[in-house]
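Structure, as structure tokens:
Below, all heavy atoms of this structure are taken into account, side chains as well, without hydrogens, waters or symmetry copies.
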Amino acid sequence: MNRIKKEFYQNSAVDLAPALLGKLLCRNIEGEIYKHRVTETECYFGESDTACHAHKGKTERTKILYEEGGIAYIYLCYGIHSLLNIVTGEKGFPQAVLIRGIEGYIGPGRLTKHLQIDRNLNGEDLVFSKKLWLEDDGFTPHYKVSKRVGIDYASEEDRNRPWRFIVD
DNA sequence: AAAGTGATCATG
DNA sequence: ATGATCACTTTG
């Protein structure tokens, strides 16, 4: 088993979003283990990023983004969809990578539905968890870069950042 | 194109 | 306590 270790997560979300492409998202549901390769990510970086949930500062919901990298940030979007993020970097600087797609399940809300990931797993430690973790089997795919989606509320500068990463 | 759905946060 | 907002998906 090649579970991704703590140090891997102690980097910038901007670098980790592309680095997470091709890694295996692993989920244990009542003893049944599912592994899917990550195919699409986006990064959200710091309070200065007006698209990042933490751009208004630390609140009950966003405090988890300020933790040390290597844990899950999961929130309910539009009252329907659970979205999975990987918190990254040093403690105190909020940043995360949104997992937007895996092999077979494109779309941030669809993959969480399939893997039964919801807010019960918010804060799950991906380094030690038996329910949710990431593995590296050495595969590094080619990918393309584009703008983030669904963030019309952000500043023009932030909307235009090339922070979405998709496997070819 | 538009609804569906509920946690979250700012306002009062 | 109330209301606006929202890192989406499905259906027509």
Counting only Watson-Crick and G-U wobble pairs with both atom distances below 3.5 Å, the stems of 3 or more consecutive pairs that include DNA chain B are B:1-4 with C:8-11, B:6-11 with C:1-6
Decide side chain to side chain contact (heavy atoms under 4.5 Å, CB included) for A/E67 and A/K91; before the verdict, give the C-alpha distance in whole Å, the side-chain angles of both, and the deciding distance to 0.1 Å. CA-CA 5 Å; A/E67 293 300 313; A/K91 189 178 175 71; 3.0 Å; yes
For A/K144, give me all partners under side chain to side chain contact (heavy atoms under 4.5 Å, CB included), at least two apart in sequence or on another chain. A/I166, A/D168
Restricting to ring-ring contact (aromatic ring centres under 6.0 Å, His included), what partner residues turn up for A/Y44, sequence neighbours left out? none
Criterion side chain to side chain contact (heavy atoms under 4.5 Å, CB included) on A/E124 and A/K131, from CA distance to verdict: CA-CA 8 Å; A/E124 192 79 3; A/K131 300 176 186 169; 3.9 Å; yes
Enumerate the side chain to side chain donor-acceptor pair (under 3.5 Å) contacts for residues 7-33 of chain A, please, sequence neighbours excluded, ordered by first and then second residue. A/Q10-A/E68
Which pairs pass ring-ring contact (aromatic ring centres under 6.0 Å, His included) with one or both residues in residues 11-36 of chain A, sequence neighbours excluded? A/H36-A/Y105, A/H36-A/H114
If the threshold is 4.0 Å, N to carboxylate O, is there a salt bridge linking A/R100 and A/E42? yes
Counting C-beta onward and ignoring hydrogens, is there a side-chain heavy-atom pair between A/T59 and A/K63 closer than 4.5 Å? no
ILVMFWY network linking A/F8 to A/F165, side-chain heavy atoms under 4.5 angstrom: yes
I'd like to know if A/D136 pairs up with A/R3 as an ion pair, taking the criterion as any Lys NZ or Arg NE/NH1/NH2 lying under 4.0 Å from an Asp or Glu carboxylate oxygen. no
Count I, L, V, M, F, W, Y as connected when their side-chain heavy atoms are under 4.5 Å apart, and connections chain through other members. Are A/I64 and A/W133 then in the same cluster? no
Of A/T88, A/V87, A/V14, which meets side chain to side chain contact (heavy atoms under 4.5 Å, CB included) against A/V97? A/T88
Do any of residues 95-108 of chain A sit with a heavy atom less than 4.0 Å from DNA chain C, and if so which? A/L98, A/R100, A/G107, A/P108
A/I99 and A/N85: side chain to side chain contact (heavy atoms under 4.5 Å, CB included), yes or no, with the steps? CA-CA 6 Å; A/I99 306 298; A/N85 298 251; over 6 Å; no
Enumerate donor-acceptor pairs with a distance under 3.5 Å from any side-chain N or O in residues 69-81 of chain A to protein atoms, sequence neighbours excluded.
unit_1: A/Y73; atom_1: OH; unit_2: A/H53; atom_2: ND1; d: 2.7

How do A/E60 and A/L76 order along DNA chain B: which one's closest nucleotide is nearer the 5' end? A/L76
For DNA chain C, which residues of residues 49-57 of chain A approach it to below 4.0 angstrom with any heavy atom? A/A51, A/H53
Which nucleotide of DNA chain B is the first, and which the last, in the 5' to 3' direction, to come under 4.0 Å of a heavy atom belonging to chain A? B/dG4 to B/dC9
NZ/NE/NH1/NH2 to OD/OE distance under 4.0 Å, A/D49 and A/R148: yes
DNA chain C: 5'-most and 3'-most nucleotides touching chain A, 4.0 angstrom heavy-atom criterion: C/dC6 to C/dT10
Using side-chain heavy atoms (C-beta onward) and a distance below 4.5 Å, is A/R37 in contact with A/D137? yes
Flag yes if A/L24 and A/V38 sit in one hydrophobic cluster, no otherwise; membership is Ile, Leu, Val, Met, Phe, Trp, Tyr, and two members link when side-chain heavy atoms are under 4.5 Å apart. no
Do the non-hydrogen side-chain atoms of A/L25 and A/L134 ever get within less than 4.5 Å of each other? yes
Within residues 148-164 of chain A, the residues having a heavy atom closer than 4.0 Å to DNA chain C are A/G150, A/I151, A/Y153
Might you work through the side chain to side chain contact (heavy atoms under 4.5 Å, CB included) test for A/L84 and A/L98, ending with a clear yes or no? CA-CA 6 Å; A/L84 169 65; A/L98 170 66; 5.9 Å; no
Are A/Y66 and A/F93 in one and the same hydrophobic cluster, where Ile, Leu, Val, Met, Phe, Trp and Tyr link if side-chain heavy atoms are under 4.5 Å apart? no
Which ones in residues 15-27 of chain A lie close to DNA chain C, meaning a heavy atom under 4.0 Å from one of its atoms? none
